[in-house]
Amino acid sequence: DGGITQSPKYLFRKEGQNVTLSCEQNLNHDAMYWYRQDPGQGLRLIYYSQIVNDFQKGDIAEGYSVSREKKESFPLTVTSAQKNPTAFYLCASGDPGAGNTIYFGEGSWLTVV
Amino acid sequence: GQQVMQIPQYQHVQEGEDFTTYCNSSTTLSNIQWYKQRPGGHPVFLIQLVKSGEVKKQKRLTFQFGEAKKNSSLHITATQTTDVGTYFCAGPIGWDDKIIFGKGTRLHILP
């Protein structure tokens with residue numbers, strides 16, 4: 001099936017640990033995004049990448065890191081420096097040639113325990 | 001920070017009533033996009049508007065793009081329980097057209 005696959009769907013992290021959220025797409029999209037969603041806060045951009053081997057910080061990049069070594073993959077690492085990581089994380093990809101409309105994965109719930 | 005503003009944040013309507021959410025950008029947009037997120041789900045693309053003053057319809061949903069391409073609205077006629085969810089507008093912002101979302105309007109339908 002075509003689309004965006006995020007894993008894991010649910011993740012528990014102990015304080016002080018780094019965790020990595022996986023995002024894979026087979027839509028052949030150049031652009032990929034990570035958003036964080038908290039109740040009442042909408043979707044806030046963490047990082048985005050318009051092309052392989054390049055990525056840019058979004059509005060709330062502190063405490064997060066990404067890599068874009070392959071077109072299909074855009075993993076997000078939530079580091080111990082992120083003080084309030086409990087949230088719903090959404091990965092998305094887009095095609096700039098189509099007005100950059102974006103398509104989301106099903107999301108990953110991260111809880112700090 | 002966020003440069004796409006959306007109001008209201010919440011809206012409760014009786015089933016059968018109309019609903020409207022408004023979106024404003026601090027800059028002119030090349031296009032505006034609308035997404036719907038059902039409770040417990042992920043946002044799903046609804047539509048994209050590109051032209052100044054454009055109006056598009058999807059059954060009971062009417063989308064408008066302002067003449068200055070800085071504002072947009074989504075109007076739902078005669079709401080149904082299936083319309084429950086959060087509606088987001090989004091637009092390409094900045095030199096690299098990164099997609100920035102409004103905070104969304106959560107629609108709740110009263111039976």
Side-chain angles (χ1 to χ4, degrees), chain A residues 2-7 9-10 21 23 25 27 29-51 54-62 66 68 74 87-109, chain B residues 1-11 21-26 29-51 54 56 63 65 69 72 85-108:
Chain A
I4 302 170
T5 302
Q6 285 187 241
S7 63
K9 189 169 180 64
Y10 300 96
L21 306 180
C23 180
Q25 57 104 354
L27 300 170
H29 287 163
D30 285 317
M32 295 189 75
Y33 300 80
W34 276 104
Y35 293 90
R36 170 177 170 149
Q37 187 170 31
D38 298 278
Q41 291 295 319
L43 301 171
R44 293 184 291 170
L45 183 62
I46 305 173
Y47 268 98
Y48 62 103
S49 168
Q50 303 284 41
I51 198 168
D54 187 45
F55 49 83
Q56 305 292 331
K57 292 181 179 180
D59 296 325
I60 56 165
E62 185 175 353
V66 293
R68 186 84 187 277
F74 192 41
F88 188 46
Y89 291 88
L90 286 157
C91 179
S93 71
D95 181 1
N100 221 4
T101 56
I102 62 176
Y103 300 88
F104 286 88
E106 294 190 350
S108 294
W109 288 95
Chain B
Q2 289 282 60
Q3 296 168 285
V4 178
M5 289 72 70
Q6 198 172 346
I7 59 170
Q9 188 173 1
Y10 301 98
Q11 185 82 56
T21 173
Y22 301 91
C23 182
N24 285 282
S25 169
S26 54
L29 299 171
S30 59
N31 67 76
I32 190 91
Q33 302 161 24
W34 286 92
Y35 296 77
K36 177 182 178 181
Q37 184 178 24
R38 293 182 185 275
H42 59 278
V44 174
F45 172 73
L46 292 176
I47 206 162
Q48 180 187 78
L49 305 172
V50 177
K51 299 177 183 177
E54 188 171 11
K56 286 188 177 180
F63 304 84
F65 200 11
K69 301 184 73 173
S72 180
T86 302
Y87 293 85
F88 293 98
C89 62
I93 301 287
W95 62 272
D96 51 0
D97 283 345
K98 59 184 178 290
I99 302 301
I100 298 298
F101 283 76
K103 289 192 174 184
T105 297
R106 183 179 296 179
L107 173 61
H108 182 68

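Numbers restart at 1 for each chain; the letters A, B, ... are given by sequence-line order, proteins then strands. Just so you know, these numbers use all the heavy atoms, side chains as well, and skip hydrogens, waters and symmetry mates.
- For B:N31, the part sitting under 4.5 Å from any heavy atom of chain A is the side chain, from C-beta outward, and nothing else.
- Only the side chain of A:Q50 comes within less than 4.5 Å of a heavy atom in chain B; its backbone stays farther off.
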| task | Mind running side chain to side chain contact (heavy atoms under 4.5 Å, CB included) on A:Q37 and B:Q37 for me, showing each step along the way? | result | CA-CA 12 Å; A:Q37 187 170 31; B:Q37 184 178 24; 2.8 Å; yes

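- Within a 6.0 Å sphere centred on CD of A:E62, heavy atoms belonging to other residues, nucleotides or ligands number 12 at most.
- For chain B, the option among A:W109, A:Y48, A:F88 with the highest count of heavy-atom pairs below 4.5 Å is A:Y48.
- Heavy atoms of A:F104 lying under 4.5 Å from chain B belong to its backbone as well as its side chain.
- Interface check for chain A: of the options B:D97, B:V44, B:D96, B:T86, the most heavy-atom pairs under 4.5 Å are formed by B:D96.
- Partners of B:K56 under the salt bridge (Lys or Arg N to Asp or Glu O under 4.0 Å) rule, at least two apart in sequence or in another chain, are B:E54.
- Note: B:I47 CD1 to A:T101 OG1 = 11.5 Å, rounded to the nearest 0.5 Å.
- Rounded to the nearest 0.5 angstrom, B:F88 CZ and A:Y35 OH are separated by 11.0 Å.
- A donor-acceptor contact shorter than 3.5 Å links the side chain of B:Y35 to the backbone of A:I102.
- With values rounded to the nearest 0.5 angstrom, B:I93 atom CD1 is found 11.0 Å from A:L45 atom CG.
- Every residue two or more places apart in sequence or in another chain that forms a ring-ring contact (aromatic ring centres under 6.0 Å, His included) with A:Y103 is listed here: A:H29.
- At a 4.5 Å heavy-atom cutoff, B:P92 makes no contact with chain A through either its backbone or its side chain.
- When the shell of 6.0 Å around CZ of B:F45 is examined, it contains more than 12 heavy atoms from other residues, nucleotides or ligands.
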